[in-house]
Colleague: 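One structure, as structure tokens, below. Some questions next.
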There are 2 protein chains.
Amino acid sequence: MSNNTTVENIILGCLSFGPRSGYEIKKIINMSSSWFYNASYGSIYPILKKHEEKGLVSSEEVIDNGRYKRLYQMTDKGYKAFHAWMLQSPKLMTVKYEMAVKLMFFAKLAPEQRIQQIEEHIEQLRLFKQELEEIEPWAEHEGDSYQRLILDWGENLYDFLIQWFSQLLNELQKYDGDLPQKPKDGQQL
Amino acid sequence: MSNNTTVENIILGCLSFGPRSGYEIKKIINMSSSWFYNASYGSIYPILKKHEEKGLVSSEEVIDNGRYKRLYQMTDKGYKAFHAWMLQSPKLMTVKYEMAVKLMFFAKLAPEQRIQQIEEHIEQLRLFKQELEEIEPWAEHEGDSYQRLILDWGENLYDFLIQWFSQLLNELQKYDGDLPQKPKDGQQL
DNA sequence: GTCCTTATATATCATTCTGCTATATGTTAT
DNA sequence: ATAACATATAGCAGAATGATATATAAGGAC
């Protein structure tokens, strides 16, 4: 069984496509997983070193167009650890969604401020969805059917979010930014 | 402008409902925001102390049914900081979704292993949605219309995920666990 | 040809947050 | 009685971010 973290396994997974440098791994992540599981340089380089110490990867310095880089390659041991992780029961999704937190305290905002926050957020979601769509040509060219599948999932997810918040905006606008309180049990009559 | 973190503001937000202890704040979070923005005791207690040092909250020890607890209360300064944060442009959502990562490397799994991973994941999603539904009575009773709204959002979101993965499972089963590769440009003919 | 910007490539570090462990006491069920 | 559970807080190792720093190569502007 693998007790590596998810990020450690993403890096192994990227190396399953062939030898890569830390910088190249970050590029793969940016173009594919970053929006559902990101990793920063501050994780990637130390993890590569740790992987090498554990014998999960090996490395060599190469000169590519007159520029040094350290290419990492997965070992058999590394592939076994990666594959073992692939078979484990997946961890539950975790989300950090600030807009949802704000919604929780929305009663503290003035009606027009509520509308403004939602409008701004819908704009953010639209921009992000556009960014996803710009990856599509890359996935068509570089990725396999599963990588294209994930992009499709992302676009569906953001469509769902845009639609949900647009509907909320409509409701808010209908009631001048003040959602009608469904009466509680004790308040009826 | 507020330069507190989101978790620091969640804690202020909880105190906007009235004086609470660290333990009680965790309970509020568990029953409402935890699935879209969680905070652990290891964050909550130190943040409360930091907030007090900065004058955003004040505290007093009280005895509740013969048991000590430290009740924290928001100050004017704290409310101003919280409200300023509420008006700021919300941060983009971040997601950590291990199942999506695995999907990225799904080509490395055997067909029947793919089907098993998806089946297990759908089961996880169903269980989690049930947990959300169990919060509903609490939200009906304790929350305002916005808190109920978020629960509604969560249920819609998990419905979307269950539906999306169920459809993928169907496709996989149709093709014996092996999604047909859409031919790349260079591979046609 | 030099200047500026962008891309490649890696390293370091304070800060944030989690999840685990530990401790202590009150309450409820058996 | 006593075991299990709920309340209440503290501390810490480890993971990850995001910001800064450094250096070199490539490409375009003028």
Colleague: Run the salt-bridge test on E136(A) and R148(A) with the 4.0 Å N-O cut-off and return the result as yes or no.
Modeller: no

Colleague: Quick one: I63(B) CD1 to dT25(C) P, roughly how many Å, whole number?
Modeller: 14 Å

Colleague: Does S32(A) reach the main-chain N or O of I28(A) with its side chain, forming a donor-acceptor pair under 3.5 Å?
Modeller: yes

Colleague: Can H121(B) and Y97(B) be said to form a ring-ring contact (aromatic ring centres under 6.0 Å, His included), step by step?
Modeller: CA-CA 11 Å; H121(B) 183 55; Y97(B) 201 169; 5.4 Å; yes

Colleague: Atom CG of N3(B) to atom C1' of dT16(C): distance rounded to whole Å?
Modeller: 14 Å

Colleague: On the nucleotide dA24(C), are OP1 or OP2 found under 4.0 Å from the side-chain N or O atoms that K69(B) carries?
Modeller: no

Colleague: When you check the gap from the basic side-chain N to the acidic O, do K50(B) and E8(B) get nearer than 4.0 Å?
Modeller: yes

Colleague: Indicate, with a heavy-atom threshold strictly under 4.0 Å, whether K26(A) touches base, sugar-phosphate, or nothing.
Modeller: nothing

Colleague: Round to the nearest Å and state the distance from R70(A) atom CZ to dT8(C) atom C1'.
Modeller: 16 Å

Colleague: I'd like to know if the side chain of D76(A) reaches the main chain of Y79(A), judged simply by a donor and an acceptor atom lying under 3.5 Å from each other, with no hydrogens or angles considered.
Modeller: no

Colleague: Would M93(A) and E98(B) count as a side-chain contact (heavy atoms from CB on, under 4.5 Å) here? Give the steps.
Modeller: CA-CA 7 Å; M93(A) 169 174 56; E98(B) 206 187 50; over 6 Å; no

Colleague: For DNA chain C, which residues of residues 35-57 of chain A approach it to below 4.0 angstrom with any heavy atom?
Modeller: Y41(A), G42(A), Y45(A), K49(A)

Colleague: Of all nucleotides in DNA chain D that come within under 4.0 Å of a heavy atom of chain A, which is furthest toward the 5' end and which toward the 3' end?
Modeller: dA15(D) to dA26(D)

Colleague: Which of residues 7-24 of chain A sit near DNA chain D, with a heavy atom under 4.0 Å from it?
Modeller: V7(A)

Colleague: For Q116(A), is the CD atom crowded, meaning more than 12 foreign heavy atoms sit under 6.0 Å from it?
Modeller: no

Colleague: Looking at Q163(B), I'd like to know if its CD atom is crowded, meaning that more than 12 non-hydrogen atoms belonging to other residues, nucleotides or ligands lie closer than 6.0 Å.
Modeller: no

Colleague: Check this for me, if you would: do E53(B) and K49(B) make a salt bridge, where the nitrogen-to-carboxylate-oxygen distance has to be below 4.0 angstrom?
Modeller: no

Colleague: Given atom OH of Y68(B) and atom P of dT25(C), what is their separation to the nearest angstrom?
Modeller: 13 Å

Colleague: Please give, in whole Å, the distance from dA9(C) P to L71(A) CG?
Modeller: 9 Å

Colleague: Side chains of K174(A) and N170(A): donor-acceptor distance under 3.5 Å anywhere?
Modeller: no

Colleague: Assess the pair F105(B) and Y146(A): is the distance between their ring centroids shorter than 6.0 Å?
Modeller: no

